[in-house]
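Reckoned from all heavy atoms, side chains included, excluding hydrogens, waters and symmetry mates. Just so you know, ligand 1 is whichever comes first in the structure, and atom 1 is the first atom listed for that ligand.
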Amino acid sequence: MNSAELTYALEISHLRKSFGGLVATHDVSLTIRPGERRLIIGPNGAGKTTLFNQITGDLQSTAGQIRLFGVDVTQLTPYRRAHLGLARTYQIITLFDRDTLEHNVTLGLLGLRPSRWQMWRPVSYYGDLSTEARRILDAVGLLHLADSLVSDLAYGEKRRVELAMALAQKPRVLLLDEPLAGLSNAERATVKALIAAIPRETAVVMIEHDMDTALDLAETVTLLNYGRVIVDGERDAVVADPKTREVYLGV
Ligand SMILES: Nc1ncnc2c1ncn2[C@@H]1O[C@H](COP(=O)(O)OP(=O)(O)OP(=O)(O)O)[C@@H](O)[C@H]1O
Ligand SMILES: [Mg+2]
């Protein structure tokens, strides 16, 4: 493709977020191509999750601009951004513990937050969505647990459900915030395979501390530190960059 014609999936320019005196992201600029696999790394508190929150609109930015497939979404609500093809998973699981797996997925498909859920409605009330919810659970091998309470699931199973729910939206850009955190080796392999199987229509931007696993999935890497982009580029070049060693090893 002629680079002059390229429409980026995501184009972030001079993005900033401050919480009072604390600057969490600082003049962050980066571009993601359609279908790209990008890994975001950086120490605790580097601003990685804040950057995701700004991209989705969960947090309003202090300054800068965010474009999604050429559309300026900086002032749009999270809901509008989702409609333009943006989906995410959270660092902390957001499923509702005291409800069944199927009901969680069904209501998730409706784009409802737990606070808006009406627990007394049977799943059948939602008709086709219930069928879709069961299809999603089947895709991640959890259909047999559809009627179980989320609280009875293993942590890795909850992670798989969240990933499947995000993918069900058929996003053009998917943000994954530490999808491998807290997983056993076996669960990590399962989730890694799910991520590797995401279709190329979807650009995947993943925050992850488990570099052994995540680097395999990445084509490009961005290193953040103290809210700033320190290194950004092709995976092997970023890994070999002395600045990356400096941040991670302090040498
Ligand atoms: N809602 C908030 N209010 C105030 N400060 C915040 C808020 N969210 C994040 N911060 C601060 O912004 C900085 C960046 O936090 P952020 O969660 O983005 O880091 P992170 O790179 O995702 O770290 P981790 O790897 O630990 O998840 C931290 O100093 C954090 O305490
Ligand atoms: Mg984080």
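Inspection of the Thr213 and Asp210 side chains reveals an N or O donor paired with an N or O acceptor under 3.5 Å. With 3.5 Å as the limit, one finds a donor-acceptor pair spanning the side chains of Asp58 and Tyr90. Thr31 and Glu11 are not linked by any side-chain donor-acceptor pair at a separation below 3.5 angstrom, with hydrogens and angles left out of the test. Side-chain contact of Arg38 with Thr222: a donor-acceptor pair under 3.5 Å is present, judged by distance alone. Side-chain contact annotation: Gln65 with Thr74, donor-acceptor N/O pair under 3.5 Å absent.
Listed by number with element, the atoms of ligand 1 under 4.0 Å from a non-hydrogen atom of Glu178 are 25 (O), 27 (O). Residue Leu22 has at least one heavy-atom neighbour below 4.0 Å for each of these atoms of ligand 1: 11 (C), 12 (O), 13 (C), 29 (O). Of all atoms in ligand 1, numbered sequentially from 1 with element shown, those under 4.0 Å from a heavy atom of Thr50 are 9 (C), 14 (C), 15 (O), 16 (P), 18 (O).
A salt bridge links Glu219 with Arg200: the closest approach of a Lys/Arg side-chain nitrogen to an acidic carboxylate oxygen falls below 4.0 angstrom. At a threshold of 4.0 Å, the pair Arg235-Asp216 does not count as salt-bridged, since none of the basic side-chain nitrogens sits closer than that to a carboxylate oxygen. Under the 4.0 Å criterion applied to side-chain N and carboxylate O atoms, Arg160 and Glu157 are not assigned as salt-bridge partners.
Counting only distance, with no hydrogens or angles, the side chain of Asn104 and the backbone of Phe96 share a donor-acceptor pair below 3.5 Å. Side-chain atoms of Arg159 never come within 3.5 Å of backbone atoms of Leu180 as a donor-acceptor pair (strictly under, hydrogens ignored). With Ser18 contributing its side chain and Gly21 its backbone, the two residues share no donor-acceptor pair below 3.5 Å.
Linking ILVMFWY side-chain heavy atoms closer than 4.5 Å, directly or via other members, places Leu176 and Ile41 in a single hydrophobic cluster.
Closest to atom 2 (C) of ligand 1, if we only count protein heavy atoms, is Phe19 CE2, 3.3 Å. Here the protein heavy atom with the shortest distance to atom 17 (O) of ligand 1 is Thr49 CB, 3.8 Å. Counting protein heavy atoms only, atom 27 (O) of ligand 1 is closest to Gln91 NE2, 2.9 Å. In this structure, atom 26 (O) of ligand 1 lies nearest to the protein heavy atom Asn44 ND2, 2.8 Å.
The distance criterion of under 3.5 Å between nitrogen or oxygen atoms is met by Gly47 with respect to ligand 1. When only interatomic distances are considered, the shortest N/O to N/O separation between Gly45 and ligand 1 falls below 3.5 Å. For ligand 1, the polar-atom distance check finds no N/O of Ala24 at less than 3.5 Å from any of the ligand's N/O atoms.
There is a protein heavy atom less than 4.0 angstrom from atom 10 (N) of ligand 1. Atom 30 (C) of ligand 1 lies below 4.0 Å from none of the non-hydrogen atoms of the protein.
Under a 4.0 angstrom heavy-atom cut-off, His209 registers as being in contact with ligand 1.
With a cut-off of 2.8 Å, the protein N/O/S atoms near the Mg ion (ligand 2) add up to 2.
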